[in-house]
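Quick notes on the structure that follows.
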Protein chains: 2
Amino acid sequence: MLTRERKALLLDRLAAEGRLVATALAHELNVSEDTIRRDLRELAAEGRLTRVHGGALAASPTHRPLAERGALQTEAKVRLGRRAAELVRPGQIVILDGGTTHLALVQALPRDLRATIVTHSPTVAAALEPFERVDVLLIGGTLLKLSMVALGATTAEAFGRIAADLLFLGVTGVHPEAGLTTGHPEEAALKACLIRSAAETVVLATPDKIATTSPFQIAPLEAVTTLVTLDDRPAWLPDGVDCLAA
Amino acid sequence: MLTRERKALLLDRLAAEGRLVATALAHELNVSEDTIRRDLRELAAEGRLTRVHGGALAASPTHRPLAERGALQTEAKVRLGRRAAELVRPGQIVILDGGTTHLALVQALPRDLRATIVTHSPTVAAALEPFERVDVLLIGGTLLKLSMVALGATTAEAFGRIAADLLFLGVTGVHPEAGLTTGHPEEAALKACLIRSAAETVVLATPDKIATTSPFQIAPLEAVTTLVTLDDRPAWLPDGVDCLAA
DNA sequence: CACGATATTGCACGATCATGCATGATGTGG
DNA sequence: CCACATCATGCATGATCGTGCAATATCGTG
């Protein structure tokens, strides 16, 4: 039996019976208990069920709407998010910028991740609700409706007091000469603050953003530590910048 | 039977019958009384029930995770939200506390409302996205997963700098003697800050919160300007407090 | 086809959890 | 005050868990 097939069967069974018992399933499916435990652990990390001692129970239903909203994500963003989620190490302090791409990133994080996430996006913060072991630091400010992030002097000041390990930065343009750009002047200024507050800067760029520019510059390309894309590394990317293909 | 499953069953039974008898449950579930006692002890430690000699009684309601109660976006909350939304006048500065009831309030606001809304709940902030003419001031802080609101010194300080016209306050208990109460000490302290930051305080109370208490007091009943309920005005409500039936 | 990379599985190990029992303490009702 | 039920605690036992490791299968690529 295929692994994915077995996992699907586990979820079906869970939906039907409301609970799963590891030992019974191992015997029934003729695999070791280790394998079943592994399956359950992985499904739990995806938030599809709740792991308990001896088996698993159905996940609390409130966390479903998140999964549904995830359906509106484009394939590209989901892939970028998954790849980027692998960059987060346990215990790190991570700044998450706003935007649907980073929402996809959140959805790709393992449910049992232990980390501190700093964000000025209420949408991202709300999506972090199911992650019990993640400490969330919400940065306030005046909300910009267009991109749903907090802006303003207090926001910048708050980020100035933070030294994070990792920053996931949202941009609307990545260009050989213009560097990182976005469509709103205050947002650009704040994003520059974010870069200063983190040791490493990761930019997730869907193909439509590569080699394009928006009116307001955030920083030169050299400010980026890692660029995550779907395609191959652009030739014009500076040597100091890593490039990961999702 | 799985341990967690058994605990869930105990809570269900408690909700249905209002009390639990240890010996009877031990016999019924085919486990020793020690096990049942252990379960009850642990559930009591989590605040999900009140331990008494011989069994357990229902605990004061809902200082449970948002996830568990949020699932039921009940008719009651929608009605309360609709009634409360009528209290908001154009141009006002309004503080919105967290909680599903206030989420219902947001849904009931007119889409063309022009106002400033201040909130420390990312969930509420996210729900305000479609309101183009509403300015949203997001207050940051450390996010409490249980109720999904920002807490901490910076949060309180930020509210201290605000003078709002109207506050919609979330509580888990409205009681003639204990006053307004909630299930988390820091939350209670912050809610007291909110009251000081607003000229008028409105409390939306579903029937399960009326005449009940939670462990931590926010303020006496006199701090309330208007109480919005589903039923008639409670007799014990101080004279200075208005009461609206939704 | 050959080769390395990756995924999957089972096993071993020490750690943790759940359970029932014994014991002495505490509460309850007469 | 006594008899009895209930309780908390410590302990032993077996089940379950997570991790690291090795064997095998599968995949991708040249």
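Reckoned from all heavy atoms, side chains included, excluding hydrogens, waters and symmetry mates. Below, chains carry the letters A, B, ... as their sequence lines are ordered, and counting in each starts from 1.
- Among the heavy atoms of the strands, none lies under 4.0 Å from B:Arg4.
- Taking side-chain N and O atoms only, B:Arg38 has no distance below 4.0 Å to OP1 or OP2 of C:dC21.
- Of the side-chain N and O atoms in B:Thr35, one or more sit less than 4.0 angstrom from OP1 or OP2 of C:dG20.
- Here the C1' atom of nucleotide D:dA8 and the CD1 atom of B:Ile36 are 16 Å apart, to the nearest Å.
- Side-chain nitrogen and oxygen atoms of B:Arg37 include none within less than 4.0 Å of the OP1 or OP2 phosphate oxygen of D:dT6.
- Note that CD of B:Glu42 is 11.0 Å distant from CG of B:Leu10, once rounded to the nearest 0.5 Å.
- Side chains of B:Lys77 and B:Thr100: a donor-acceptor N/O pair is present below 3.5 angstrom, by distance only.
- With distances taken from any side-chain atom of A:Val31 to the nucleotides C:dG10, D:dC17, C:dT19, the minimum falls on C:dG10.
- Atom CZ of B:Arg51 and atom C1' of D:dC7 are 8 Å apart (whole Å).
- In this model, the phosphate group of C:dC11 is not approached by any side-chain N or O of A:Ser32 to a distance below 4.0 Å at OP1 or OP2.
- A donor-acceptor contact under 3.5 angstrom links the side chains of A:Thr206 and A:Asp208, judged on distance only.
- Going from atom NE2 of A:His27 over to atom P of D:dA15 covers 15 Å, rounded to whole Å.
- One interatomic measurement links the two molecules: CG of A:Leu40 to P of C:dT9, which rounds to 13 Å at whole-angstrom precision.
- When heavy atoms are screened at a 4.0 angstrom cut-off, B:Val21 is found touching no nucleic acid atom at all.
- Remark: the B:Ser147 side chain and the B:Glu187 side chain contain an N/O donor-acceptor pair separated by less than 3.5 Å.
- One can place CG of B:Asp34 at 14 Å from C1' of C:dG24, the figure rounded to the nearest angstrom.
- Mapping A:Arg41 and B:Thr23 onto DNA chain D via the closest heavy atom, the residue that lands nearer the 5' end is B:Thr23.
- What separates CD of A:Glu33 from C1' of D:dT16 is a distance of 8 Å, to the nearest Å.
- Summarising the geometry, the separation between NZ on A:Lys7 and C1' on C:dT8 is reported as 10 Å, rounded to the nearest angstrom.
- With respect to B:Arg41 and B:Glu46, no salt bridge is recorded, no charged nitrogen being found less than 4.0 Å from a carboxylate O.
- Whole-Å rounding puts the A:Leu20 CG to D:dT16 C1' distance at 16 Å.
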